[in-house]
Participant: 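Below: one structure in structure tokens.
It should be emphasised that the depicted structure is a prediction, and the values quoted were computed from it without experimental measurement. All heavy atoms count here, side chains included; hydrogens, waters and symmetry mates do not.
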Amino acid sequence: MDVKSAFLNGYLEEVYIEQPPGYMVKGHEDKVLKLKKALYVLKQAPRAWNSRIATYFKENGLAKCPLEHALYVKLNKDGDILIVCLYVDDLIFIGNKPTTFDDFKRAMANEFEMTDLGLLSYYLGIEVEQREDCIFISQKGYAKEVLKKFEIEDCNPVNTPVECEVKLFLHNDGEKNLVGYCYSDWAGDVDDRLSTTGFVFFMGNSILLGILRSKRLLLYPLVKQNMWQLLLVFAMQYG
């Protein structure tokens, strides 16, 4: 689902603007106007909209995930579950009962001007194929863009990126450079004080090995990057 003109639904605390040309009040040209709602040109508009939708979700029983603030979950006493993901003005939601979908869509349409886009087919670079026996997700378009960028569209697909048992060899000049970089940020995350560490090794211009992880919760970066895939798998298990 999509929220039409989402930023215009945000409420502002106190923002003033100069009187626009053509709407000047005679005798009060030196006065300013107080905005009641956000405009798209305002820096406060995205925050105002997010605050509005977060408040609405909370009032309707949807709890915000403490690790992923764009994820909201609602659990009913009868065991019904509804999971909603918010990306700016786009919403995707899953659950274990179709009736929860209808109730949620009806409630959203009563509060905001909505557009129902139907079953999910594409979201944030992820292609979703609704099959009879499963939900198949992929990044076929992104993979094609990578192949085109490096001019290898005509390459043959293989299971491994390098032929088995191939050994590294020296180039024409006989020189090889192994360069390594490391990074550490101890308790540098301002939200949960996670410590980030990592390293990467290059052989020439090619990466041989690289690792980047957070100390306290190793699963968090994976959930952060692949949240949508995990939610769809959850829907397949409990849908």
Participant: Shortest non-hydrogen contact from Asn9 to Ser5?
Facilitator: ND2-O, 3.2 Å

Participant: Do Tyr16 and Leu33 make a side-chain contact, defined as non-hydrogen atoms from C-beta onward lying under 4.5 Å apart?
Facilitator: no

Participant: Looking at every heavy atom in both Lys105 and Met1, which two are closest together, and how far apart are they?
Facilitator: CG-SD, 3.3 Å

Participant: If you take all heavy atoms of Lys74 and Asn60, which pair is closest and at what distance?
Facilitator: NZ-O, 3.3 Å

Participant: Does the side chain of Phe7 reach to within under 4.5 Å of the side chain of Asp89, using non-hydrogen atoms?
Facilitator: no

Participant: Would Ile94 end up clustered with Leu117 when hydrophobic side chains under 4.5 Å apart are linked, directly or stepwise?
Facilitator: no

Participant: Does Val15 reach the side chain of Gln44, with side-chain heavy atoms less than 4.5 Å apart?
Facilitator: yes

Participant: Run the ring pair (Phe, Tyr, Trp, His ring centres under 6.0 Å) check on Tyr11 and Trp49 step by step: do they pass?
Facilitator: CA-CA 7 Å; Tyr11 294 132; Trp49 156 244; over 10 Å; no

Participant: What are the two closest non-hydrogen atoms of Tyr123 and Leu91, and how far apart are they?
Facilitator: OH-N, 4.3 Å

Participant: Answer yes or no: is there a side-chain heavy-atom contact under 4.5 Å between Ile135 and Val128?
Facilitator: yes

Participant: Is a side-chain N or O of Gln19 found less than 3.5 angstrom from the main chain of Asp30, in a donor-acceptor match?
Facilitator: no

Participant: Are the ring centres of Phe93 and Tyr72 closer than 6.0 Å?
Facilitator: no

Participant: If we only count heavy atoms from C-beta on, is the Leu71 to Lys64 side-chain gap below 4.5 Å?
Facilitator: no

Participant: Counting only heavy atoms from other residues, nucleotides and ligands, does the tally under 6.0 Å from CG of Asp154 exceed 12?
Facilitator: no

Participant: Tell me, do Leu86 and Val84 make a side-chain contact under 4.5 Å, heavy atoms counted?
Facilitator: no

Participant: Would you check if Thr55 and Lys58 make a side-chain contact, meaning some heavy-atom pair closer than 4.5 Å?
Facilitator: no

Participant: Could you walk me through whether Glu111 and Arg52 pass the salt bridge (Lys or Arg N to Asp or Glu O under 4.0 Å) test, one step at a time?
Facilitator: CA-CA 11 Å; Glu111 183 72 14; Arg52 169 79 188 283; 2.8 Å; yes

Participant: Would you find a donor on one side and an acceptor on the other, under 3.5 Å apart, between the side chain of Asn110 and the backbone of Arg106?
Facilitator: yes

Participant: Same cluster or not: are Tyr122 and Leu119 linked, directly or through other Ile, Leu, Val, Met, Phe, Trp or Tyr residues, by side-chain heavy atoms under 4.5 angstrom apart?
Facilitator: no

Participant: Cluster question for you: counting only ILVMFWY and a side-chain heavy-atom cut-off of under 4.5 Å, with indirect links fine, are Met24 and Ile17 together?
Facilitator: no

Participant: Do you know the tightest heavy-atom contact between Glu153 and Lys148?
Facilitator: OE2-CG, 3.5 Å

Participant: Check the hydrophobic clustering (I, L, V, M, F, W, Y; side-chain heavy atoms under 4.5 Å; chains of links allowed) and say if Tyr142 and Leu120 are grouped together.
Facilitator: no

Participant: For a quick test of reading the model, state the closest non-hydrogen atom pair linking Ile81 to Asn96 and the distance between them.
Facilitator: N-OD1, 3.1 Å

Participant: Determine, using the 4.5 Å side-chain heavy-atom cutoff (strictly less than), whether Ile126 and Leu147 are members of one ILVMFWY cluster.
Facilitator: no

Participant: Just so I know, are the side chains of Phe201 and Tyr181 near enough to count as touching, which here means a heavy-atom distance under 4.5 Å?
Facilitator: no

Participant: Measure from the side-chain N and O atoms of Asp116 to the backbone N and O of Gly118, and report whether any donor-acceptor pair falls under 3.5 Å.
Facilitator: yes

